[in-house]
S.K.: 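Mind looking over this structure? Questions follow.
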Amino acid sequence: MSKMITIKSYQSPFGEIILGSYKEQLCLCDWKYRKMRTSIDSRIKKSLKSEFQPGDSQTINTATLQLDEYFQNKRVSFDLPLKMIGTDFQIDIWKKLMEIPYGETISYLELAEKAKNPKAIRAIASANGANSIALIIPCHRIIGSDGSMVGYAGGLKVKKELLKLEGVNFDHQMSLF
């Protein structure tokens, strides 16, 4: 029998999210309708040599509870076992993303500087976009150097709503929307 990645749909206030666990580690928490859905799913399945199977797991149940708390403004950080699937470079960037505090944003340049690789902004942006564990690895907290909203797998409207939920002040950016 081949190994399985248990997946389950989660309906957030801002759209549907797919949760996935593998050996009781969260490997997927991503917007169902993102443009890179097929390539993200393929990367996970290939890396784990597994297939998706709808179902339930303790990890998914815990993730659901913590996501509910996050969306109700009762949680500012997540405590889940993660299985990050990517290159060493991507995983390093995702770990740096997890250091960005709730309610704060940084630019790609600042993220590049934190990664001690200030010339790799495009590669860092690409790693950010390849994140398959949205919200928990808070790629929505990255903004443009000029303070503008820049790409997000869930869409810019969702990104803005997530940051607003976290208390980010948009007064200086409102003309962009």
S.K.: Please report the interatomic distance OG(Ser39) to CZ(Arg34), rounded to the nearest 0.5 Å.
M.R.: 7.0 Å
S.K.: For Asp79, is the CG atom crowded, meaning more than 12 foreign heavy atoms sit under 6.0 Å from it?
M.R.: no
S.K.: Within a strict 4.5 Å, meaning less than it, do heavy atoms of the Leu28 and Ile5 side chains meet?
M.R.: no
S.K.: When you compare the side chain of Ile142 with that of Thr105, does any pair of heavy atoms fall below 4.5 Å?
M.R.: no
S.K.: Are Trp31 and Ile136 connected into the same hydrophobic cluster when the rule is that any two of I, L, V, M, F, W, Y join if their side-chain heavy atoms are below 4.5 Å apart?
M.R.: yes
S.K.: Any side-chain heavy atom of Asn131 sitting closer than 4.5 Å to one from Ile133?
M.R.: yes
S.K.: Contact between Leu82 and Met98 at the side-chain level, heavy atoms closer than 4.5 Å - yes or no?
M.R.: yes
S.K.: Looking at Lys74 and Asp68, is there a salt bridge between them, counting it only when a charged N and a carboxylate O are closer than 4.0 Å?
M.R.: no
S.K.: Report yes or no: do Ile100 and Leu80 belong to one cluster of Ile/Leu/Val/Met/Phe/Trp/Tyr joined by side chain heavy-atom distances under 4.5 Å?
M.R.: yes
S.K.: Show the nearest heavy-atom pair for residues Gly86 and Arg43, with the distance to one decimal.
M.R.: CA-NE, 4.5 Å
S.K.: Would you say the side chains of Thr6 and Gln53 form a donor-acceptor pair under 3.5 Å?
M.R.: no
S.K.: Can you tell me how far apart CD (Gln72) and CG (Leu165) are? Round to the nearest 0.5 Å.
M.R.: 10.5 Å
S.K.: With no hydrogens and no angle check, do the side chains of Thr59 and Ser21 hold a donor and an acceptor under 3.5 Å apart?
M.R.: no
S.K.: Looking at Glu16 and Lys32, does any basic side-chain N land under 4.0 Å from a carboxylate oxygen?
M.R.: yes
S.K.: Give a yes-or-no answer on whether the side chains of Thr62 and Gln58 include a donor-acceptor pair shorter than 3.5 Å.
M.R.: yes
S.K.: In a check of side chain to side chain contact (heavy atoms under 4.5 Å, CB included) between Phe14 and each of Lys159, Lys160, Glu161, Lys157, which one passes?
M.R.: Glu161
S.K.: Under a 3.5 Å threshold, yes or no: a donor from one side chain and an acceptor from the other, between Glu113 and Tyr108?
M.R.: no
S.K.: Rounded to the nearest 0.5 Å, what separation is found between the OG atom of Ser145 and the CD1 atom of Ile121?
M.R.: 6.0 Å
S.K.: Check Glu51 with Lys3, please: is the shortest side-chain N to carboxylate O separation under 4.0 Å?
M.R.: no
S.K.: Check for me, please, whether Ile40 and Leu48 land in the same ILVMFWY cluster - side-chain distances under 4.5 Å, paths through other members count.
M.R.: yes
S.K.: Side chain to side chain contact (heavy atoms under 4.5 Å, CB included) for Ser12 and Phe71? Distances and angles first, verdict last.
M.R.: CA-CA 8 Å; Ser12 84; Phe71 287 116; 3.5 Å; yes
S.K.: Which heavy-atom pair separates Ala115 from Lys96 by the least distance, and what is that distance?
M.R.: CA-CE, 3.8 Å
S.K.: Compare every heavy atom of Ile143 with every heavy atom of Ser148, then report the nearest pair and how far apart it is.
M.R.: O-CB, 3.5 Å
S.K.: How long is the span from the OG atom in Ser47 to the OH atom in Tyr22, to the nearest 0.5 Å?
M.R.: 8.5 Å
S.K.: Could you check if a side-chain atom of Val158 sits within less than 4.5 angstrom of a side-chain atom of His140, using non-hydrogen atoms only?
M.R.: no
S.K.: Apply the test side chain to side chain contact (heavy atoms under 4.5 Å, CB included) to residues Asp92 and Asp88: give CA-CA distance (whole Å), side-chain angles for both, the deciding distance (0.1 Å), then the verdict.
M.R.: CA-CA 6 Å; Asp92 182 53; Asp88 290 343; over 6 Å; no
S.K.: Any side-chain heavy atom of Ile124 within less than 4.5 Å of one from Ile93?
M.R.: yes
S.K.: Same cluster for Ile91 and Leu26 if Ile/Leu/Val/Met/Phe/Trp/Tyr side chains link at under 4.5 Å?
M.R.: yes
S.K.: Just verifying a value: how many Å separate Ile17 CD1 and Leu135 CG, rounded to the nearest 0.5 Å?
M.R.: 5.0 Å
S.K.: Between Asp30 and Ile18, is a side chain to side chain contact (heavy atoms under 4.5 Å, CB included) present by the stated rule, with each step listed?
M.R.: CA-CA 5 Å; Asp30 205 7; Ile18 300 171; 5.6 Å; no
S.K.: Keeping the roles fixed (side chain from Glu110, backbone from Ser107), state whether a donor-acceptor pair exists under 3.5 Å.
M.R.: yes
S.K.: Where do Leu162 and Tyr152 land on the side chain to side chain contact (heavy atoms under 4.5 Å, CB included) test, with the steps shown first?
M.R.: CA-CA 11 Å; Leu162 291 171; Tyr152 183 62; 3.4 Å; yes
S.K.: To the closest 0.5 Å, what do you measure between CD1 (Ile60) and CG (Leu65)?
M.R.: 14.0 Å
S.K.: Is the cationic atom of Lys45 (NZ for Lys, CZ for Arg) positioned less than 6.0 Å from the six-membered ring centroid of Phe52 and within 45 degrees of its normal?
M.R.: yes
S.K.: Can you confirm whether Arg141 sits close enough to Glu166 that some side-chain heavy atom of one is under 4.5 Å from a side-chain heavy atom of the other?
M.R.: yes
S.K.: Looking at every non-hydrogen atom in both residues, tell me the closest pair between Tyr102 and Asn73 and how far apart they are.
M.R.: OH-OD1, 3.7 Å
S.K.: Can you give me the closest heavy-atom contact between Ser132 and Cys27, atom names plus distance?
M.R.: OG-O, 3.4 Å
S.K.: Measure across Leu67 and Cys29 and return the closest heavy-atom pair with its distance rounded to 0.1 Å.
M.R.: CD1-SG, 4.1 Å
S.K.: Please verify the inter-ring angle class for Tyr70 with Phe78; under 30° counts as parallel, over 60° as perpendicular, anything in between as tilted.
M.R.: tilted
S.K.: Answer yes or no: is there a donor N or O on one side and an acceptor on the other, between the side chain of Gln66 and the main chain of Ala63, under 3.5 Å?
M.R.: no
S.K.: Quick one, Ile7 and Leu19 - any side-chain contact, counting heavy atoms below 4.5 Å?
M.R.: no
S.K.: Hydrophobic clusters here meaning ILVMFWY residues chained together by side-chain heavy-atom distances under 4.5 Å, can you tell me if Ile137 and Met36 are in one?
M.R.: no
